[in-house]
Amino acid sequence: MPELPEVETVRSQLEPGLVGRTFERVEIVDGRLTRPESPDAVAAELQGERVEAVRRRGKYLIVAFASGRTLLVHLRMTGGFQHPSGESTAHRRAAVLLDDGTTLAYTDVRRFGTWLLLEPEELDAYLAARIGGEPLESAFTTARFARALAGRRAPIKGALLDQRAVAGVGNIYADEALWRARIHPLQPAGELEPDAIAELRRAVRKVLRLGIARSGATLRDYRDPNGGSGSMQHEFMVYGRGGEPCERCGTPIAKIRVAGRGTWFCPSCQQV
DNA sequence: ACCTCGTCCTGGTTGC
DNA sequence: TGCAACCAGGACGAGG
């Protein structure tokens, strides 16, 4: 499940091969990818666009064109790029022929991913309505984080998954950050003490940075555009480790369901 | 305004 | 061994 570190890994690997390149021919196979726009219409619009930059905001990948338009890609669960790519790739949903003769392929087993072509003036408003602070930027202060959590009765795990509170954290990094900050996932977000919020902010930034340094985590499906795997899964302290001893205290890691998501934590280190 | 739950989707795993 | 039920979850909209 691509979260901020995985998307950042994809971004940094796509960047050198895409910047300056022109989309010569675009084929979109999966009609769901561009909903509600028609895939053929989007493919036609993309043809001739030249890539100026490849950016990221939260879990969104932003292919910025010289025209000022942007292709906003969300990989959701199993979306991914392969570049360069040959003819055959399983679950291919789209392909872009670039002006250097290489092919950028896009695959998505579960077809949740989306491609959205935005006009120059549309991007900021689109993102502003959906995601909050970028956790690795200096503007993501403890005060700002505290404001985003204030008054919320939802469990902190659920609040971390809310992209408007903090952009880019998903199920895996939420559990890892809460373990590091010694906070119980069911703790009501609005009841966290200022010290706990500061600790959680540090933990979120730490696990995301570590994730980027490890090129993300590869569980089942995730592969980076070069076909490589991340190694962050070897750093997991709780995610997917139900029954194993906590690295800090030896207590078996527990699994519960929070906000509809599998949630792992140490029942001894992480008290409500 | 806030929160929870159902929906989308496929393939790997589990259980009978 | 075969097959069906279950499970994984990011974002979004409906409903409480």
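Within every chain, numbering begins at 1; the chains are lettered A, B, ... in the order of the sequence lines, protein sequences first and strands thereafter.
- For A:Lys255, a side-chain nitrogen or oxygen approaches OP1 or OP2 of C:dA8 to under 4.0 Å.
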Please set out all donor-acceptor pairs under 3.5 angstrom arising from side-chain atoms of residues 133-155 of chain A, sequence neighbours excluded.
unit_1   : atom_1 : unit_2   : atom_2 : d
A:Glu134 : OE1    : A:Arg57  : NH1    : 2.6
A:Glu134 : OE1    : A:Gly58  : N      : 3.0
A:Glu134 : OE2    : A:Arg56  : NH1    : 2.5
A:Glu134 : OE2    : A:Arg56  : NH2    : 3.1
A:Glu134 : OE2    : A:Gly58  : N      : 3.4
A:Thr141 : OG1    : A:Arg144 : N      : 3.1
A:Arg152 : NH1    : A:Asp162 : OD2    : 3.0
A:Arg152 : NH2    : A:Asp162 : OD2    : 3.2

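- Not counting sequence neighbours, A:Arg261 has no partner by the side-chain hydrogen bond (donor to acceptor under 3.5 Å, both in side chains) test.
- Atom CD of A:Glu121 is surrounded by more than 12 heavy atoms from other residues, nucleotides or ligands within 6.0 Å.
- A:Arg152 has its CZ atom 7 Å from the P atom of B:dC2, to the nearest Å.
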Nucleotide by nucleotide, 5' to 3', does protein get under 4.0 Å of the base (B), only the sugar-phosphate (S), or neither (-) in nucleotides 9-16 of chain C, counting heavy atoms?
-> BBBS----
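- Annotation: salt bridge (charged side-chain N to carboxylate O under 4.0 Å, His left out) contacts involving residues 23-32 of chain A, sequence neighbours excluded, comprise A:Asp30-A:Arg111.
- Of the residues near DNA chain B, A:Pro155 and A:Arg111, the one whose nearest nucleotide (by heavy atom distance) lies more toward the 5' end is A:Pro155.
- Residues passing the side-chain hydrogen bond (donor to acceptor under 3.5 Å, both in side chains) test with A:Arg21 are A:Asp99, sequence neighbours excluded.
- Under the side-chain hydrogen bond (donor to acceptor under 3.5 Å, both in side chains) criterion, A:Glu49 pairs with A:Ser67, A:Arg69, not counting sequence neighbours.
- Taking 4.0 angstrom as the limit, A:His91 places a side-chain polar atom (N or O) nearer than this to OP1 or OP2 of B:dG11.
- Across the interface with DNA chain B, nearest-nucleotide mapping of A:Ala154 and A:Arg32 shows A:Ala154 to be the residue nearer the 5′ end.
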